[in-house]
Amino acid sequence: MKIAVFGATGGAGRQVVEQALAAGHQVSALARNPAKLALTNDNLTIVAGNVLDAIEVEETLQGADAVVVSLGNTDSNPDDVVSQGTQIIISAMQRLGRLQRIVIVSSLGVGESRDQVPFAFKLLMKSVLKSPCKTRNARKRSSRPAI
């Protein structure tokens with residue numbers, strides 16, 4: 001199986017890449033800074049690019065059987081990179097036509113899991129974490145439609 005991974009240089013994304021390669025899968029990973037991935041494997045293709053660029057996203061998706069999205073907010077990204085990037089990925093999947101498997105890794109407190117977090121964390125979500133939670137909830141809404 002060939003898996004396209006977005007957010008491959010982050011903690012969860014890197015684990016997806018490493019475990020997929022260990023299981024013998026082919027991986028295509030989009031990375032703004034390919035050196036941050038620092039992995040070499042015959043089954044790994046690293047596409048240098050940005051998730052906000054539809055052409056680079058489509059290049060990463062070429063030949064993939066499944067998609068894993070593990071985007072996160074960083075200081076070097078716009079605030080809406082998570083929601084916008086996810087929407088660009090889904091749109092590219094629709095344009096390519098045959099891709100229908102997507103796993104989106106998010107965080108506790110987003111979408112239906114909002115009621116599962118402790119009260120103290122809810123306070124953080126409404127103050128310090130307001131911006132990241134807003135973009136993750138937007139991603140959750142944008143990824144709802146069936147592909």
Side-chain angles (χ1 to χ4, degrees), residues 1-114 116-118 121 124-125 128-147:
M1 175 180 285
K2 183 174 181 183
I3 304 168
V5 180
F6 297 90
T9 59
R14 185 180 181 86
Q15 282 297 309
V16 168
V17 171
E18 290 177 357
Q19 291 181 32
L21 291 171
H25 298 292
Q26 293 180 320
V27 175
S28 178
L30 180 69
R32 284 177 296 143
N33 181 357
K36 278 183 76 176
L37 200 48
L39 292 173
T40 55
N41 187 300
D42 290 341
N43 284 333
L44 175 63
T45 301
I46 301 173
V47 178
N50 191 309
V51 73
L52 299 177
D53 184 308
I55 293 170
E56 294 165 348
V57 167
E58 282 193 23
E59 182 181 343
T60 306
L61 292 171
Q62 290 300 317
D65 302 300
V67 179
V68 176
V69 180
S70 180
L71 298 174
N73 291 62
T74 65
D75 293 337
S76 60
N77 276 330
D79 288 342
D80 64 351
V81 69
V82 173
S83 58
Q84 289 301 311
T86 302
Q87 187 56 55
I88 290 168
I89 293 164
I90 291 170
S91 294
M93 290 173 69
Q94 290 171 333
R95 277 191 304 278
L96 293 172
R98 66 176 209 58
L99 268 168
Q100 295 188 357
R101 295 182 198 146
I102 186 169
V103 174
I104 300 176
V105 179
S106 192
S107 59
L108 186 63
V110 175
E112 294 85 20
S113 70
R114 170 171 245 138
Q116 298 173 13
V117 297
F121 192 75
L124 286 173
M125 288 170 53
V128 177
L129 300 174
K130 187 174 187 173
S131 179
C133 287
K134 182 179 177 183
T135 62
R136 290 190 185 270
N137 278 313
R139 172 172 68 179
K140 179 84 170 164
R141 286 189 300 275
S142 72
S143 63
R144 291 233 179 217
I147 296 174

Roughly how far, to the nearest 0.5 Å, is [atom2] of [Y] from [atom1] of [X]?
{"X": "Ile3", "Y": "Gln19", "atom1": "CD1", "atom2": "CD", "value": "10.5 Å"}
{"X": "Lys36", "Y": "Ile46", "atom1": "NZ", "atom2": "CD1", "value": "12.5 Å"}
{"X": "Met93", "Y": "Leu96", "atom1": "CE", "atom2": "CG", "value": "9.0 Å"}
{"X": "Asp65", "Y": "Gln100", "atom1": "CG", "atom2": "CD", "value": "12.0 Å"}
{"X": "Gln26", "Y": "Asn43", "atom1": "CD", "atom2": "CG", "value": "5.5 Å"}
{"X": "Leu21", "Y": "Asn41", "atom1": "CG", "atom2": "CG", "value": "4.5 Å"}

- request: With the side chain counted from C-beta on, respond yes when Val103 and Val67 share a heavy-atom pair under 4.5 Å apart, and no when they do not.
  value: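 They are not in contact (no side-chain heavy atoms under 4.5 Å apart), so the answer is no.
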field: Flag side-chain contact, heavy atom, 4.5 Å: Val51 against Val81
entry: yes
Backbone N/O of Asn50 and side chain of Glu56: donor-acceptor pair under 3.5 Å: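 Here the side-chain-to-backbone pair exists.
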- request: Only counting residues at least two apart or in another chain, list the ones meeting salt bridge (Lys or Arg N to Asp or Glu O under 4.0 Å) with Arg32.
  value: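 Result, salt bridge (Lys or Arg N to Asp or Glu O under 4.0 Å) vs Arg32: none returned.
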field: Listed partners of Glu58 passing salt bridge (Lys or Arg N to Asp or Glu O under 4.0 Å), at least two apart
entry: Arg95
task: Kindly determine whether Val68 and Phe6 satisfy side-chain contact (heavy atoms from CB on, under 4.5 Å), including the steps that lead there.
output: CA-CA 6 Å; Val68 176; Phe6 297 90; over 6 Å; no
task: Kindly check if the number of other-residue, nucleotide or ligand heavy atoms within 6.0 Å of CG (Asn33) is above 12?
output: yes
For residues [X] and [Y], report the shortest heavy-atom separation together with the two atoms involved.
{"X": "Ile88", "Y": "Ala54", "answer": "CG2-CA, 3.9 Å"}
{"X": "Gly7", "Y": "Leu71", "answer": "N-CD2, 3.9 Å"}
{"X": "Ala4", "Y": "Leu61", "answer": "CB-CD2, 3.9 Å"}
{"X": "Arg14", "Y": "Leu39", "answer": "NH2-CD2, 3.6 Å"}
{"X": "Thr60", "Y": "Ala29", "answer": "CG2-C, 4.2 Å"}
{"X": "Val47", "Y": "Ser28", "answer": "CG2-OG, 4.0 Å"}

